[in-house]
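Below: one structure, written as structure tokens.
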There are 2 protein chains.
Amino acid sequence: MIHSNKNNSMFVPEVVVQRIPIYIRILQEELKYGNTVISSKNLGKRLQMSSAQIRKDLSYFGKFGKQGQGYPIEFLVEKLKIVVGLGQKWNACIVGTGRLGQAIINYPGFSPEGFKIVAAFDSNNIKLDSSADSIPILGMESLSKTIKQKSINVAIVSVPALEAQKVIDLLVFEGIKGILNYAPISPKVPNGVVIRNIDPILSLQSMTYYLKES
Amino acid sequence: MIHSNKNNSMFVPEVVVQRIPIYIRILQEELKYGNTVISSKNLGKRLQMSSAQIRKDLSYFGKFGKQGQGYPIEFLVEKLKIVVGLGQKWNACIVGTGRLGQAIINYPGFSPEGFKIVAAFDSNNIKLDSSADSIPILGMESLSKTIKQKSINVAIVSVPALEAQKVIDLLVFEGIKGILNYAPISPKVPNGVVIRNIDPILSLQSMTYYLKES
DNA sequence: GGTTGTGAATACATTCACAGCA
DNA sequence: TGCTGTGAATGTATTCACAACC
């Protein structure tokens with residue numbers, strides 16, 4: 001072919017990748033409302049962003065819209081899910097079953113979005129007994145074995161700050177390539193491992209810049 | 001003056017503001033290790049970022065370093081804290097005392113970083129009795145009064161998704177200008193209100209882009 | 001008329017590279 | 001010599017603006 005179509009090997013900026021799940025979420029809401037088509041303008045209004053940005057973002061992955069009408073929602077959701085890696089199911093483990101860990105385990109929101117928590121680990125295995133629905137709480141010594149047995153491919157870290165880097169190193173060593181870290185540290189991971197930090201303190205602290213007087 | 005110095009009215013990019021609390025955190029760690037001076041090079045190594053970026057970031061706020069030596073850590077922390085709004089104390093309330101809300105209330109990390117949770121609210125005020133150390137759990141009808149009485153200036157939202165926008169609107173109406181939102185929505189707030197979202201699902205979902213095969 | 005998809009233009013963020021200082 | 005602070009250069013992201021199409 002002469003004019004090659006948009007293909008999967010083209011580089012997509014990280015910011016764009018991060019916005020796709022947001023689009024998916026809103027599109028799914030729109031589906032629930034019974035809508036079947038949405039324009040970039042309306043989607044933009046919904047998210048307080050420009051329609052141009054939405055069109056540009058989507059254009060990295062293909063042509064999903066129809067001129068004069070907009071995007072067929074169901075079709076677009078389907079495509080975006082595949083693009084962003086939600087075509088497959090992900091098995092997650094959680095390390096650290098303190099108060100936060102327990103809240104995460106019991107949060108019902110992960111599973112419907114494609115992330116099934118299939119095991120929990122804690123160095124102090126008294127912290128939580130089989131309370132949560134069928135998620136086993138195991139000692140750290142079972143980590144390696146369980147990751148393989150249950151095909152775990154992402155990990156959630158909710159251990160205290162001082163232990164976090166050690167735990168992350170261990171997870172990386174065991175082959176985990178995606179980590180969601182709740183510990184308030186700036187973790188180091190090798191290339192090829194993706195890590196995301198959930199850090200409410202940092203969020204608050206950068207907010208105050210805009211709130212302080214003077 | 002002819003060559004005006006860097007003054008507080010110059011625009012600082014948002015990304016820069018967001019990095020300042022990270023610097024503060026690392027600098028405080030270095031202090032604990034007993035170090036008194038750090039170069040942009042070493043700070044950069046610690047954070048896996050370029051020394052140039054650190055110097056540039058800091059330069060938005062003043063000249064804190066000494067050529068040939070680096071930055072005096074204690075002095076720099078002090079300055080950055082003031083710059084970012086941590087010179088004052090912040091009183092926070094939390095709305096929503098379900099499992100997540102409880103985990104947040106009991107997390108000991110907010111207070112030492114300048115955010116004191118002074119009240120909690122829930123529409124179902126049976127959810128938590130005075131369990132947590134001295135933080136009162138109140139009904140939503142007390143919100144307005146309590147915000148004034150306790151000089152609350154930031155709010156944490158941990159209610160279910162369906163209620164979140166309503167709660168946020170209410171907080172804004174009551175004069176709250178900074179909100180940390182844990183609900184999985186794209187909230188709308190008027191200009192002048194700063195909101196930050198904590199959204200582990202979105203973090204996971206954009207991670208998988210880099211993990212999926214093909 | 002309404003809306004997409006996209007090069008071109010603009011705006012923003014990072015890095016370079018070096019003068020100036022301790 | 002070793003480091004900061006910063007303009008200039010480069011790299012990235014967003015917005016503009018319009019041809020192509022329903």
Side-chain angles (χ1 to χ4, degrees), chain A residues 2-8 10-20 22-23 27 30 35-77 79-80 83 206 209, chain B residues 2-8 10-20 22-23 27 30 35-77 79-80 83 206 209:
Chain A
I2 295 172
H3 290 289
S4 94
N5 231 336
K6 202 74 68 172
N7 64 52
N8 355 19
M10 114 180 284
F11 177 75
V12 181
E14 163 121 30
V15 273
V16 174
V17 172
Q18 287 178 348
R19 280 193 293 261
I20 301 300
I22 302 176
Y23 298 155
L27 292 169
E30 290 294 323
N35 300 329
T36 58
V37 174
I38 194 168
S39 66
S40 58
K41 189 150 152 266
N42 283 150
L43 186 48
K45 244 183 235 156
R46 203 79 167 50
L47 288 165
Q48 329 225 258
M49 56 195 287
S50 76
S51 63
Q53 179 156 80
I54 288 167
R55 290 198 303 279
K56 183 66 112 180
D57 282 1
L58 297 179
S59 80
Y60 282 100
F61 304 106
K63 305 181 186 198
F64 307 116
K66 278 209 184 48
Q67 282 119 323
Q69 276 128 265
Y71 301 89
I73 302 179
E74 191 155 23
F75 171 74
L76 182 53
V77 167
K79 288 295 184 186
L80 292 183
V83 145
S206 68
Y209 175 80
Chain B
I2 296 169
H3 290 289
S4 95
N5 228 336
K6 203 74 69 171
N7 64 50
N8 356 19
M10 112 180 284
F11 178 75
V12 180
E14 163 122 30
V15 273
V16 174
V17 172
Q18 287 179 346
R19 281 193 292 261
I20 301 300
I22 302 176
Y23 298 156
L27 292 168
E30 290 293 323
N35 299 329
T36 59
V37 175
I38 194 168
S39 65
S40 59
K41 189 151 151 265
N42 284 150
L43 186 48
K45 245 181 236 156
R46 203 81 166 52
L47 288 165
Q48 326 223 258
M49 56 195 288
S50 77
S51 63
Q53 180 157 78
I54 288 167
R55 290 198 303 279
K56 183 67 113 182
D57 282 0
L58 298 179
S59 80
Y60 282 100
F61 304 106
K63 304 180 186 197
F64 306 116
K66 280 209 185 46
Q67 284 117 324
Q69 275 126 266
Y71 300 90
I73 302 178
E74 192 155 22
F75 171 75
L76 183 55
V77 168
K79 288 297 186 185
L80 292 183
V83 144
S206 69
Y209 176 79

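Just the heavy atoms: all of them, side chains too, but no hydrogens, waters or symmetry mates, feed the values below. We name chains A, B, ... by the order of the sequence lines, and we start the count at 1 in each one.
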What's the CD-C1' distance between B/Q18 and C/dC12, to the nearest Å? 14 Å

From B/K45 atom NZ to B/N42 atom CG, the distance as rounded to the nearest 0.5 Å: 5.0 Å

Interatomic distance where CE belongs to A/M10 and P belongs to D/dT12 [whole Å]: 13 Å

May I ask you to verify if any side-chain N or O of B/Y60 is less than 4.0 angstrom from the OP1 or OP2 atom of C/dT14? no

Distance, rounded to the nearest Å, where A/K41 contributes NZ and C/dG2 contributes P: 8 Å

Can you check the A/L58 CG to C/dT3 P distance for me, whole Å? 15 Å

Assuming nearest nucleotide by heavy-atom distance, tell me which of B/I38 and A/R19 is located more 5' along DNA chain D. B/I38

Return the CZ to CE distance between A/F61 and A/M10, rounded to the nearest 0.5 Å. 10.0 Å

Hey, does the side chain of A/S40 come within less than 4.0 Å of C/dT3's phosphate (OP1/OP2), counting only N and O? no

Below 4.0 angstrom from OP1 or OP2 of C/dT14, is there any side-chain N or O of B/Q53? yes

In terms of side-chain heavy atoms of B/P13, which of C/dA13, D/dT4, C/dT6 is nearest? C/dA13

Atom CD of A/E14 and atom C1' of C/dA13: how far apart are they, to the nearest Å? 15 Å

Here's a test of your reading of the structure: between A/K56 and A/Q69, which maps to the more 5' nucleotide of DNA chain C? A/Q69

Length of the CG-P vector between A/D57 and D/dT14, whole Å: 7 Å

Nucleotide of D/dA13, D/dG5, C/dT3 approaching A/V15 most closely (side-chain heavy atoms): D/dA13

Within a radius of less than 6.0 Å around CD of A/E74, do more than 12 heavy atoms belonging to other residues, nucleotides or ligands occur? no

Closest listed nucleotide, where the reference is the side chain of B/Q67 and the choices are C/dT14, D/dT14, D/dG2: D/dG2

Starting at OH of A/Y23 and ending at P of C/dT4, how long is that distance when rounded to a whole Å? 12 Å

Reckon A/R55 has a side-chain N or O less than 4.0 Å from the OP1 or OP2 of D/dC18? no

State the CD1-CG distance between A/I20 and A/L27, to the nearest 0.5 angstrom. 9.5 Å

Verify the contact: side-chain N or O of B/Y71 to OP1 or OP2 of D/dG2, cut-off strictly under 4.0 Å; return yes or no. no

Measure the spacing between CZ of B/R19 and CG of B/D57 and express it to the nearest 0.5 Å. 4.0 Å

Within this structure, what is the CZ-to-P distance between B/F75 and D/dT4, rounded to whole angstrom? 14 Å

